[in-house]
Student: 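I have a structure I would like to understand better, so I am pasting it below and will then ask my questions one at a time.
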Amino acid sequence: MISLENLTKQYGATAVVDGVSMVIERNSITVIVGTSGSGKSTLLRMINRLVEPTRGRVLIDGADTTGEPAHLLRRRIGYVIQGYGLFPHRTVAENIATVPRLLGWDEARIRIRVAGLLSVFQLDPGAYAHAFPHQLSGGQQQRVGVARALAAEPAVLLMDEPFGALDPIIRAKAQDDLLDIQRRFGTTILLVTHDMDEAFRLGDRVAVMSHGRLLQYDRPAVLLTRPADPFVSRMTGISDRAMRLLSLTTAGEAALPGASDGPAVAASASLREVLSELMWCGAESAAVMDADGTRRGRLTIAAILARGRPG
Amino acid sequence: MALTVPRLRRLDPLGALLAVAGATAVMFLPFVIFKSNRVVPGDPRGLLEVLPAWAAFACQASLLLAATAALGVSNARVRLGAALLGVTVVALAVAAAGDALTPAGNKVVRVAPGAGVWVLLVCLGLLATDAITRMRPGPGRRVLFLAVFTAAAGLALAHGTFDHLSVMREYAVNADRFAREARQHLWLALGSLAAAVVVALPIGILCHRVPRLRAGVLGTLNVIQTIPSIALFGILMAPLGALAGAVPLAAALGIRGIGAAPAAVALFLYSLLPIAANTVAGLKRVPRAAVEAARGMGMTNWQVLTGVELLLALPVILTGIRIVLVQNIGMVTVAALIGGGGLGTFVFQGIGQTAIDLVLLGAIPIVALAFSAAVVLDALVEVMDRARQ
C-alpha cells in the first residue's frame, strides 16, 4: 500500500503538484490521467524520489520513503519510462540484469531470472539475450523495458507513459500483457497516461489530475456516472460516456438466467461488444457462453441498455 | 603513356593525374642527387645514369604497370597492389643507386633521393591510399595494413637497405641522440596528453552539468588555442623561471623558464580545448531517457556517470584525444626551439646548417608518428562507435 500525504512540489511560486493525498491499494493497477502539464509525471517521480517533494510525504507499507538513501529506495521500485531508456551499449540480457547487478545478486541467479523474464515477455532467449536494443522492434524494446523494471521482483512498478511510442495494435497487445503480468506477479502498478481509453482499460482505479490538483480518484464507472468536476466529464468524454460505461462490464458479470436463440457471445466480452454484435445480427438477445462452452445465461438489448445509464 | 590506353572514356581521373605527374617526374626530374660531401651543392643524376640498364628498364616497366593500373583498372585490390609494387621498386632503386654511387668505405659522399623520387612516392602513396579507401576496410584491417607497412619499412631499415642514402648517413652519425630525442618527443606528446585528459575530462563533465559555465570555460580554452605556440612558450618562460627561482623543489624537478617544462605546459594547455569540448559534445549525445532510466533504477550518480554517460560519450571523447595526439606530435617539433628536445632538434639543427638530410631525419619520423597515431585512433573510435550506436 502506498499513501501520498498532502504531496506538493513547487518550483518558485508555481505548484506543479498541489497537495495531493491518495491511497494506492496493494496488488492493483492505479492510473493517473491528465493533460500535459497536469503534474502527473512529477507526482509519479516523487514516489521514487527522482523529484523531492517540497511538502508532504510518501509512505510505502507505512514506512516513510525518506528513511533510506534515494538510490536504495529506487532499487526496490520498478520504473518504466516513455522511450524505455534502454542502455544502447548493453545487450538485452545486460539491460535486464541492471538492478539485480546493483543489488549484488550472484551470476547464476541473475542468469536464471533473465532467462525466465525473456520467456515471460515472449522473447526467445537464444535469439534476443545477446542482441543490442537497436536491433529490436519498438514493441520488443518496450517489453525489455518492462522486463528490466521487474527484474529484481519489485513490489511496486511505476510506469510513465509506457505505451506512448507504440502503434495502436501493438499498444493493445502490450496493455493485455501488462494485465497478465500484474495478475501473475501481483505487482502494485502505478501508471501515468494522457490517454483516457488506456486509463479505463487498465485501471482498477483512476486518478484525474489537472493543474497539479487531484480532481477525482475512484473506480472508472464512478468517474463516468458521478464526475466530481466538469473537467473530469470533459476528460472522460460526454458524447460516448454510455458506451464507455458498457465497455467496463463483461457479459459474464451482467448475464441473467435464461436461454436465448440469439448469437453466442463470450463471457469475457464487454457489454459494448455484445450490443454491437446484437445490432449487427438484428437479434434481441444473446447467449452468454463460458470459455469451456457451458451456457452462463442470456443478455437482452434492454438489459444492456439499462446498464448504460447512471445509477 | 596516356596515349597508349585505347578507351579514353573509361580513364580514371585521379589515375590520369597521377600517371601524368609520375611520368613527368621520371622523364624530367632528377632521380638522385649526388654530393661529394655533406655541404657542397648536389649534382642531379637520372635513373639511367645510376643503375645498370636491365635494372633501370625493370624499374620503368614496373612504373608503367602501376600507371596502367591507375589509368584503366577499377579493381581496388589491383590498384593497391600496383601502387605497393611501385613504392617497393622505387625504394629499392634509390637504395641501389646509393650503393652504386658510394665508393666502398667512403663515408663522405652523399646520395639523396631527388625530386623525381619524392614526386613518384607521393603519386604512388596517393594511389595506394585511394585504393585502400575504395576497399572500405574495417578498423582492424586498416591497423593491419599499417602494421604490415611499418614492419616492412622497419625490416628494410634494420637490414641496412638504405644505409648508403644521406638521411641514413645522418642517422648513423646521430644514432644515440636520435633514440633519446625520439623518446623525448613521445614523452612530451603523450605526457601532456595524459595530463590534459586528467584535467579536461572533469572540466567537460562540469560544463555539461552546469550549462552556465560552458560558454565561459570553453571560450577561455579557445582563446588559449589561438595563441601561437612560440608566443605561448615566451609567455610561460617568465612565470616558470620565477617558480624555479622561488621553489627549490621545482628547480630540482627540472622546471625552468626554458627546456621541456614550458613546452609540456604549452602542449597541455593546447590539449585542453579539444578534449573538454568533445567531452561536452559526447555527453550531450547520450540519450536522456537512458540517463533517466539509470537514475530511476537506483544507480548512484557515480554509476550513472561512469557506467552510462562516459561510456556512451567515449567515441566522441576519443575523437578529441585523437585530435590532440596528432596535434601534439606535430607541435612538439617547435619545442626544440626553446631547448625542449624532441625530433624537432634535428629539424632546426638541419635548417641552421642548411643540411636538408638532417631536417628529413627529424621530419620523416614525425610525419610517420602522426600518421600512425591518426590511423590507430580512428580505428579505435570506429570500433567503439560500432559497439555503442
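Labels below follow one simple rule: chain letters A, B, ... track the order of the sequence lines, proteins then strands, and each chain is numbered from 1. All values derive from a computational prediction rather than experimental measurement.
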Student: Can you name the side chain to side chain contact (heavy atoms under 4.5 Å, CB included) partners of A:Pro125, sequence neighbours left out?
Tutor: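 A:Pro125 satisfies side chain to side chain contact (heavy atoms under 4.5 Å, CB included) with A:Leu118 only.
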
Student: Determine, for A:Asp177 against A:Arg143, whether the closest basic-nitrogen to carboxylate-oxygen distance falls under 4.0 angstrom.
Tutor: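 Salt bridge: no.
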
Student: How close do A:Val206 and A:Gly203 get, heavy atom to heavy atom, and via which atoms?
Tutor: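 Heavy atoms only, the tightest pair is CG2-CA, 4.4 Å.
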
Student: Using heavy atoms and a sub-4.5 Å threshold, report which of residues 98-111 of chain A line up against chain B, by residue number.
Tutor: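 Checking residues 98-111 of chain A against chain B gives A:Thr98, A:Val99, A:Leu102.
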
Student: Sequence neighbours left out, what passes side-chain hydrogen bond (donor to acceptor under 3.5 Å, both in side chains) with A:Arg26? Give chain and number order.
Tutor: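 A:Asp61.
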
Student: Which one wins on heavy-atom pair count under 4.5 Å against chain B: A:Leu73, A:Ile81, A:Val80, A:Leu158?
Tutor: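 Most heavy-atom pairs within the cutoff with chain B belong to A:Ile81.
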
Student: Do A:Arg76 and A:Val156 make a side-chain contact, defined as non-hydrogen atoms from C-beta onward lying under 4.5 Å apart?
Tutor: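 They are not in side-chain contact.
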
Student: Taking every heavy-atom pair that is under 4.5 Å apart, which of B:Pro287, B:Ala290, B:Ala293 has the most such pairs with chain A?
Tutor: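 Most pairs with chain A among the choices: B:Ala290.
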
Student: Using side-chain hydrogen bond (donor to acceptor under 3.5 Å, both in side chains) as the criterion, list what pairs up with A:Glu25, not counting sequence neighbours.
Tutor: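 A:Glu25: no side-chain hydrogen bond (donor to acceptor under 3.5 Å, both in side chains) contacts found.
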
Student: Could you check whether A:Arg148 makes a cation-pi contact with A:Phe87, meaning its NZ or CZ is under 6.0 Å from the centre of the six-membered ring and within 45° of the ring axis?
Tutor: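 Checked: cation-pi criterion met.
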
Student: Using non-hydrogen atoms only, which part of A:Arg45 is less than 4.5 Å away from chain B: side chain, backbone, both, or neither?
Tutor: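 Contact with chain B involves the side chain of A:Arg45 alone.
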
